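Chain letters run A, B, ... following the sequence lines, proteins first and then strands; every chain starts at 1. Because the structure is a prediction, the values reported are computed rather than measured.
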2 protein chains.
Amino acid sequence: MPRTAPSPDAADTSLRQQVYASLREALTMGRFAPGQKVTFRYVAGVLGVSLTPVREALRRLVAEGAFEMNPNRSVRVPLMTRDKVLELRDIRIELEGLASAKAATAATRGQIADIRRAAREIMVARTRGDSATDRQKVREFHFAVYAAAGQPTLLRLIESLWLQTGPYMNLLYPGFISSSRGPAGRQRLIEALQARNPSVARREMADDIRRALSYVADLADENGNIAPAAPATVTRGHRPRAGAAAFDLHAN
Amino acid sequence: MPRTAPSPDAADTSLRQQVYASLREALTMGRFAPGQKVTFRYVAGVLGVSLTPVREALRRLVAEGAFEMNPNRSVRVPLMTRDKVLELRDIRIELEGLASAKAATAATRGQIADIRRAAREIMVARTRGDSATDRQKVREFHFAVYAAAGQPTLLRLIESLWLQTGPYMNLLYPGFISSSRGPAGRQRLIEALQARNPSVARREMADDIRRALSYVADLADENGNIAPAAPATVTRGHRPRAGAAAFDLHAN
DNA sequence: AATGCATTTTTGTGATCACAAATCCCGGTA
DNA sequence: TACCGGGATTTGTGATCACAAAAATGCATT
């Protein structure tokens with residue numbers, strides 16, 4: 001079965017870890033509106049825990065760049081700019097390219113099978129027009145490759161980068177996806193992995209990332225700001241009712 | 001004057017931030033012995049604060065990989081292995097190479113002057129045999145380059161990587177330094193920055209990192225473990241006396 | 001002298017409280 | 001109607017407490 005779990009966070013049953021996972025999940029799934037203010041007590045109320053674990057989880061996410069904190073202490077989902085997307089693009093090209101190259105050397109037969117399966121599932125979702133599953137499977141495909149590299153530190157860094165770009169990847173649908181060249185790139189990547197060809201694997205992954213994030217960067221307005229994709233089921237109102245949970249603890 | 005300060009952590013006067021800075025400083029300066037256990041109450045006692053800010057600071061450092069936490073909850077300074085050094089080497093080559101390339105495009109005259117000055121100060125310290133100042137200036141040189149790239153996210157990632165390799169960079173002295181090719185590489189890097197030549201800047205930086213970390217990796221024993229450099233003034237004993245502070249709050 | 005077991009101590013976790021700074025809200029003035 | 005200003009409220013921070021799990025300690029047995 002495909003593995004999505006982060007490096008050594010498994011088997012950590014602390015509340016802090018659960019809060020962290022919930023917030024991460026909510027961010028990845030675009031359940032927070034960029035710019036939205038997130039208060040400690042709000043999160044604590046929704047998840048039904050005290051402030052202590054929420055503080056630690058949120059603070060870690062701030063350190064990872066998934067949230068940002070104003071000098072006048074208020075945590076919010078970062079707004080994206082063209083420059084930030086381009087910076088993240090270039091970093092991701094390096095790191096995910098490196099991981100793909102390593103995967104070409106290290107991937108086991110089983111891992112390549114996992115990767116191939118994810119690629120198939122992307123196509124299934126895409127022919128059905130199911131963009132939610134599409135996104136999920138794209139993520140699984142990428143991380144199956146990175147997991148095959150067998151580099152835990154590298155994997156952790158890539159995860160933190162995905163956390164930052166994640167909320168904006170909805171912007172790829174449907175425009176970019178339909179205009180993209182389809183499964184050819186992924187197919188070439190898989191073949192490079194199987195042929196143990198690191199430089200081709202790196203190039204294919206780099207091209208994929210470059211095209212996607214360049215597309216997002218081009219969505220910026222004249223001020224360089226990028227409008228967030230419509231967030232799923234999140235009211236922009238100040239005081240969300242308790243019970244109307246935008247995320248929950250038992251997600252993971 | 002040269003800037004060493006991290007991205008937006010300035011102007012944060014919270015205790016948590018001070019504890020974080022203290023621990024970071026102590027790690028960078030090699031004041032913790034790798035493998036050493038670090039308890040929350042010990043840190044709180046030495047720094048004279050409550051557990052709350054210590055927890056958040058330590059937990060952030062664990063998330064950044066600067067400390068590691070056993071499943072049976074105990075925080076310790078990570079032990080280094082050859083594989084880990086090689087992984088960090090390859091990641092650093094990518095990211096610091098990227099930063100150097102960007103710096104070649106973006107560096108201002110003033111920034112190049114800062115870089116040049118740091119390079120000079122390295123040579124001064126080196127001719128005096130002052131390896132402590134040497135290390136400090138090498139750090140300033142590198143981060144002067146990375147700051148010139150003007151990429152805040154990239155800078156943050158590189159800082160977290162230095163935090164992980166930092167405690168082991170003492171191992172470069174005196175063997176590696178005396179056998180290295182001296183200031184020639186740094187000189188070529190500076191010239192590449194001035195000539196606005198990204199690919200040469202990247203290559204020079206990459207070569208520098210590759211040589212240094214390959215040297216460290218070769219110090220591993222037959223089990224792949226790397227013996228830590230002698231830590232400065234840290235007793236390995238279990239229960240350090242209060243008052244015998246291995247680090248302090250007013251470092252920054 | 002070495003080993004197994006029960007008790008004591010240590011240690012991380014989560015909840016709660018107090019406080020000060022930031023923010024919000026609302027009425028009054030120009 | 002737009003713009004302030006001062007009080008009420010919200011909100012992050014740090015300290016303290018209680019608790020359970022882990023580790024350390026001491027003692028009896030072989």
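With sequence neighbours excluded, the residues forming a side-chain hydrogen bond (donor to acceptor under 3.5 Å, both in side chains) with B:S214 are B:R89, listed by chain and number. Every side-chain contact (heavy atoms from CB on, under 4.5 Å) that A:L154 has, sequence neighbours left out, goes to A:L95, A:L98, A:A99, A:Q151, A:I158, B:E87, B:I91. With sequence neighbours excluded, the residues satisfying salt bridge (Lys or Arg N to Asp or Glu O under 4.0 Å) with B:R59 are A:E56.
Here D:dG12 presents its C1' atom at 11 Å from CG of A:L58, a figure rounded to the nearest Å. Across the protein-nucleic acid pair, A:L15 atom CG and C:dT16 atom P stand 12 Å apart, rounded to whole Å. Atom pair B:Q17:CD and D:dG12:P shows a separation of 17 Å (rounding to whole Å applied). Rounded to whole Å, the distance from CZ on B:F40 to P on D:dT16 is 18 Å. Regarding A:Y20, its OH atom lies at a distance of 16 Å from the P atom of C:dG14, rounded to whole Å. Regarding B:R60, its CZ atom lies at a distance of 12 Å from the P atom of D:dT13, rounded to whole Å. Rounded to whole angstrom, the span from the CZ atom of A:R59 across to the P atom of D:dG12 amounts to 9 Å. A straight line from CZ of A:R76 to P of D:dG12 spans 12 Å, rounded to a whole angstrom.
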Give the B/S/- string for nucleotides 18-23 of chain C, one per nucleotide from 5' to 3', where a protein heavy atom under 4.0 Å of the base yields B, of only the sugar-phosphate yields S, and otherwise -.
-> --BBSS
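OP1 or OP2 of C:dA15 sits under 4.0 Å from a side-chain N or O of A:S50. For A:R55, no side-chain nitrogen or oxygen approaches OP1 or OP2 of D:dT13 to under 4.0 Å.
Listed nucleotides C:dG14, D:dG12, C:dT13 differ in distance to A:T52; the shortest reach to its side chain belongs to C:dG14. Among the nucleotides C:dG14, C:dT13, D:dG14, the one closest to any side-chain atom of B:R16 is D:dG14. Closest to the side chain of A:P53, from the set C:dG14, D:dT13, C:dT13, is C:dG14.
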Name the atoms and distances for all side-chain donor-acceptor pairs under 3.5 Å in residues 75-86 of chain A, with sequence neighbours left out.
{"unit_1": "A:R76", "atom_1": "NH1", "unit_2": "A:G35", "atom_2": "O", "d": "2.6"}
{"unit_1": "A:T81", "atom_1": "OG1", "unit_2": "A:K84", "atom_2": "N", "d": "3.2"}
{"unit_1": "A:K84", "atom_1": "NZ", "unit_2": "A:L79", "atom_2": "O", "d": "2.6"}

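Between the side chain of B:S74 and the backbone N or O of B:N70, no donor-acceptor pair lies under 3.5 Å.
Closest approach of B:I93 to B:I209, counting heavy atoms only: CG1-CG2, 3.9 Å. The two residues B:K102 and B:A149 have their closest heavy-atom pair at CB-CB, 3.8 Å.
Both tests do not hold together for A:R24 against A:W162: distance to the six-membered ring centre under 6.0 Å, angle to the ring axis within 45°.
Looking at heavy-atom distances under 4.0 Å, A:T39 makes contact with sugar-phosphate atoms alone, never a base. Contacts of B:S14 with the nucleic acid, taken as non-hydrogen atoms under 4.0 Å apart, involve only primed sugar atoms and P, OP1 or OP2.
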Is there any protein nitrogen or oxygen under 3.5 Å from a nitrogen or oxygen in nucleotides 7-9 of chain D, and what are the pairs?
none

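Within the model, atoms CG of A:L15 and CD of A:Q17 stand 11.0 Å from one another, a figure rounded to the nearest 0.5 Å.
No donor-acceptor contact under 3.5 angstrom links the side chains of B:E25 and B:Y20, judged on distance only.
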